[in-house]
Trainee: 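This is the structure I have questions about; it appears just below.
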Amino acid sequence: MTEFSVNDAELEKRFQDRVDDEQKIEPKDWMPEGYRKNLIRQISQHAHSEVIGMQPEGNWISRAPTLRRKMILLAKVQDEGGHGLYLYSAAETLGASREEMVEALHEGRAKYASIFNYPSLTWADIGTIGWLVDGAAIVNQISLQRTSYGPYSRAMIRICKEESFHQRQGYESLIALAHGSAEQKAMAQDALNRWWWPSLMMFGPHDAESAHSGQSMKWKIKRKSNDTLRQDFVDQTVPQADFLGLEIPDPDLKWNEERGHYDFGEIDWEEFQRVISGDGMCNRDRVATHKKAHDDGAWVRDALRAYEAKKANKSEAA
Amino acid sequence: MNEQQQLLPLFEVFVRSKRGLDHKHVGSLHAENPEQALEYARDCYTRRSEGVSIWVVKSSDITASQEEDARSFYDPMDDKPYRHAMHYQLPEPVNNM
């Protein structure tokens, strides 16, 4: 409430001191315009990923092999919608409106995790998505619990708590396949072959090539670099693949005693660029489906508004 | 004058004890308007550095579910153990996910 007259440089210094001191930034604090923009971009992309991610999995709800698997998958897809909501709300504390964010998604101005532009072809894909895609998301999100922006950090804490079920259910269903008939095991291996590399791409470009990384690390929006997170993911996932008796499709993958980490091969960055810029197998389909769902729901929103207006008229008249 | 008009409106008070934490409900008070409620809340609820930020919300603006509604609100959750991570038994070597 007290007004200090200080210039932007001084405000920016106080802001950065606060960030360096590991204090959270809260919605009404002064923040550099770039920080706000960068956060809106990252959080809304994260939200879009949760919501678009419902599609490849939703594709199998009606064809889940047992009632138990169907209930689990329904619960998981419902969670993803909820996670999208937490994140959109966090972005809204920065002054972004939901309508703007959804419009940016529909017009292709906002990105989402490129992995959801790959099709879910078999039932084994569903287990693999839980294991690898949610596994990769957890690695990223655990580090984001310490992000400098308070509402984003709190959303991440809530999401991480719920996410562990997602990965475990996926892995459990893969155990059933990998330890099942030869045909089932082959289906699990085929799913791993298709999802492994896109999962590694989820962490984004190499640190040296990453457009926003440097500034995001300085502002502590991001806490670990893309390459560090990717390495964490590979290190934790290889023993899990071994346990399943499945082979990770990377001839260069091997334990490096000296580094204490697994070495692994180079990602096909051309494919990454192609998919992220709209030319993956399912990009058009994913956005069109989202747009259609949004448009198909318009009558519900209209009806709600009409009902509210009618109620308001009635109470005025009374 | 009925009671409603005599009393100043009621406000609920939420305090953020530390940066990074959620605002938490601490109590309520009567005040003429939100600005005054904020000052009263400061005097009343943060006399010993309990917080770094206060929210005040008119109590009449809060819509709350009732405990008696719990059955219809929450009952269906009890038979969904599969929403919990520990529902999935994984063998020891891979149980750290």
Side-chain angles (χ1 to χ4, degrees), chain A residues 1 18-19 21-29 67-76 78-79 82 130-132 134-135 138-139 145-155 157-158 160-175 179 236-237 239-244, chain B residues 4 11 13-26 31-46 49-57 60-61 63 65 73-97:
Chain A
M1 277 175 288
R18 182 166 277 162
V19 169
D21 191 36
E22 293 292 331
Q23 294 186 43
K24 298 292 181 219
I25 303 301
E26 295 293 349
K28 304 223 163 164
D29 292 338
L67 182 58
R68 176 170 178 268
R69 294 285 173 207
K70 182 185 237 175
M71 293 194 300
I72 292 169
L73 188 55
L74 259 174
K76 178 178 190 295
Q78 187 187 20
D79 271 3
W131 171 38
L132 296 181
D134 288 82
I138 290 170
V139 167
Q145 291 181 121
R146 293 169 51 240
T147 187
S148 59
Y149 187 56
Y152 192 24
S153 154
R154 291 189 286 276
I157 292 168
R158 213 162 287 140
C160 282
K161 248 189 231 161
E162 300 179 355
E163 198 86 58
S164 159
F165 131 57
H166 296 180
Q167 193 188 18
R168 290 175 72 94
Q169 65 81 31
Y171 194 80
E172 189 209 57
S173 101
L174 275 185
I175 291 180
H179 297 172
Q236 78 172 39
T237 308
Q240 295 164 356
D242 289 344
F243 182 84
L244 292 171
Chain B
Q4 210 65 1
F11 287 84
V13 181
F14 301 80
V15 171
R16 185 202 297 290
S17 59
K18 210 179 121 208
R19 279 177 175 278
L21 300 182
D22 289 306
H23 286 76
K24 224 176 129 186
H25 187 248
V26 291
E32 179 55 37
N33 56 43
E35 289 73 27
Q36 193 183 49
L38 204 54
E39 288 177 5
Y40 284 175
R42 175 200 61 196
D43 297 345
C44 198
Y45 289 107
T46 60
S49 326
E50 285 90 341
V52 294
S53 162
I54 303 172
W55 281 350
V56 290
V57 182
S60 58
D61 284 342
T63 308
S65 75
F73 248 63
Y74 304 114
D75 201 32
M77 306 307 157
D78 294 340
D79 60 1
K80 295 184 169 59
Y82 51 83
R83 286 182 193 273
H84 297 273
M86 286 310 123
H87 175 72
Y88 304 90
Q89 307 283 328
L90 299 184
E92 206 36 58
V94 288
N95 198 25
N96 57 349
M97 63 178 77

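FYI, side chains are in, hydrogens and waters are out, and symmetry mates aren't considered; it's all heavy atoms of this structure. In the text below, chain A, chain B and the rest are named by the order of the sequence lines, each starting its count at 1.
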Trainee: If you define the side chain from C-beta out and look only at heavy atoms, does anything of B:N96 sit under 4.5 Å from A:Q236?
Mentor: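 No, every pair of side-chain atoms sits at 4.5 Å or beyond.
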
Trainee: Identify, with sequence neighbours excluded, every residue that meets side chain to side chain donor-acceptor pair (under 3.5 Å) alongside B:D22.
Mentor: A:R154

Trainee: Between A:I175 and B:Y88, does a side chain to side chain contact (heavy atoms under 4.5 Å, CB included) hold up when you go through it step by step?
Mentor: CA-CA 11 Å; A:I175 291 180; B:Y88 304 90; over 6 Å; no

Trainee: Who wins among B:M86, B:H84, B:K18 for the most heavy-atom pairs under 4.5 Å with chain A?
Mentor: B:M86

Trainee: Side chain from CB out, backbone as N, CA, C, O: work out which of these in A:S153 comes under 4.5 Å of a heavy atom of chain B, or both, or neither.
Mentor: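 Contact with chain B involves no heavy atom of A:S153 at all.
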
Trainee: Count the heavy-atom pairs under 4.5 Å between each of A:Q23, A:E163, A:R68, A:M71 and chain B, then report the option with the highest count.
Mentor: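 Answer, by heavy-atom pair count under 4.5 Å with chain B: A:M71.
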
Trainee: How long is the gap from NZ on A:K24 to CZ on B:R16, to the nearest 0.5 Å?
Mentor: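 So the NZ of A:K24 and the CZ of B:R16 are separated by 11.5 Å.
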
Trainee: Kindly write out the residues that satisfy side chain to side chain donor-acceptor pair (under 3.5 Å) with B:N95, not counting sequence neighbours, or none if the list is empty.
Mentor: A:R168

Trainee: Which pair of non-hydrogen atoms, one from A:A75 and one from B:Y82, has the smallest distance, and what is that distance?
Mentor: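 Answer, listing the atom of A:A75 first, then B:Y82: CB-CE1, 3.7 Å.
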
Trainee: Quick check for you: among A:E26, A:E162, A:Q240, A:K28, which has the greatest number of heavy-atom pairs under 4.5 Å with chain B?
Mentor: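 Of the options given, most contacts go to A:E26.
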
Trainee: Between A:D242 and B:P93, is there a side-chain heavy-atom distance shorter than 4.5 Å?
Mentor: no

Trainee: Taking side chain as C-beta onward, heavy atoms only, is B:H87 less than 4.5 Å from A:E172?
Mentor: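 A side-chain contact under 4.5 Å is absent here.
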
Trainee: Applying side chain to side chain contact (heavy atoms under 4.5 Å, CB included), run through B:M97 and A:I138 and close with a yes or a no.
Mentor: CA-CA 10 Å; B:M97 63 178 77; A:I138 290 170; over 6 Å; no

